[in-house]
Amino acid sequence: MVKLEVDEKELRQIQKDLDKLLPFDRGTKTIVRQAMRKALKPAVKKLKGYLEDHKDSGDLYKSIGTFNIKTARRKPPIVGVGPRKKSKGKQSDKLPTGYMYYIEYGKDGKGGERYLDKTVKGSGQEVANSIIPSLRSIIDRRFKKKGL
């Protein structure tokens, strides 16, 4: 279990700024997703570092990145890290992400590597600490753009 600590006073201030910047529940999900994607860059880098040994075809390595996870309209946004359905390379078909499942959990008596768990343990606190500054920078940039 990973314990994450976040400055709640700063989060309340960010919520007030978001309410000033945008009408209620309009565009705030986009800003939060942008901040989460920006904050998750170290986790993507760490996961790609673990997968350096599995660069046979390169498709799995290229597909590692951030992706949106669908949620209900009133739920907060969620962004994940792992293999995306498509790589950024020249392949146009959907990637077989089963290989990542095989690496992660093992198969035919071979134990799994558990790279996703190692990534969470290794960069979880760093990601949690960088969400607030990335939110702040995105909000400040939007305030400047609107002239507020």
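For clarity, every value in this text was computed on a predicted model and none was experimentally measured. Along the sequence shown, residues carry numbers from 1.
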Lys46 and Gly122 have their tightest heavy-atom pair at CE-C, 3.8 Å
Considering residues at least two apart in sequence or located in another chain, which fulfil the side chain to side chain contact (heavy atoms under 4.5 Å, CB included) criterion with Ser130? Ala39
Excluding sequence neighbours, so at least two apart, what forms side-chain hydrogen bond (donor to acceptor under 3.5 Å, both in side chains) with Thr30? none
Do Phe67 and Leu51 belong together in a cluster built from hydrophobic side chains that touch within less than 4.5 Å? no
For Glu10, all residues meeting side chain to side chain contact (heavy atoms under 4.5 Å, CB included), sequence neighbours excluded: Asp7, Ile14, Ile132, Arg136
State which residues pass side chain to side chain contact (heavy atoms under 4.5 Å, CB included) with Asp117; sequence neighbours excluded, sorted by chain then number. Arg114
Sequence-distant partners of Glu104, salt bridge (charged side-chain N to carboxylate O under 4.0 Å, His left out), two or more places apart: none
Using 0.5 Å steps for rounding, measure from the CG atom of Leu40 to the OG atom of Ser134. 9.0 Å
Roughly how far, to the nearest 0.5 Å, is the CD atom of Glu52 from the OH atom of Tyr61? 4.0 Å
A side-chain contact here means heavy atoms from C-beta on lying under 4.5 Å apart; do Ile69 and Val79 qualify? no
Can you confirm whether more than 12 heavy atoms, excluding those of Lys45, are under 6.0 Å from its NZ atom? no
Which residues pass the side chain to side chain contact (heavy atoms under 4.5 Å, CB included) test with Val32, not counting sequence neighbours? Met36, Pro77, Leu135
Less than 4.5 Å apart, side chain to side chain, heavy atoms only: is that true for Ile78 and Asn68? no
Check whether more than 12 heavy atoms from other residues, nucleotides or ligands sit under 6.0 Å from atom NZ of Lys48, and answer yes or no. yes
Distance (rounded to the nearest 0.5 Å) between Thr119 OG1 and Leu47 CG: 4.5 Å
Leu116 and Val81: CA distance, side-chain angles, deciding distance, side-chain contact (heavy atoms from CB on, under 4.5 Å) verdict: CA-CA 9 Å; Leu116 293 172; Val81 173; 5.7 Å; no
Atom CZ of Arg141 and atom CD of Gln34: how far apart are they, to the nearest 0.5 Å? 7.0 Å
Kindly give the heavy-atom pair with the smallest separation between Ile64 and Arg84, and that separation in Å. O-NH2, 3.8 Å
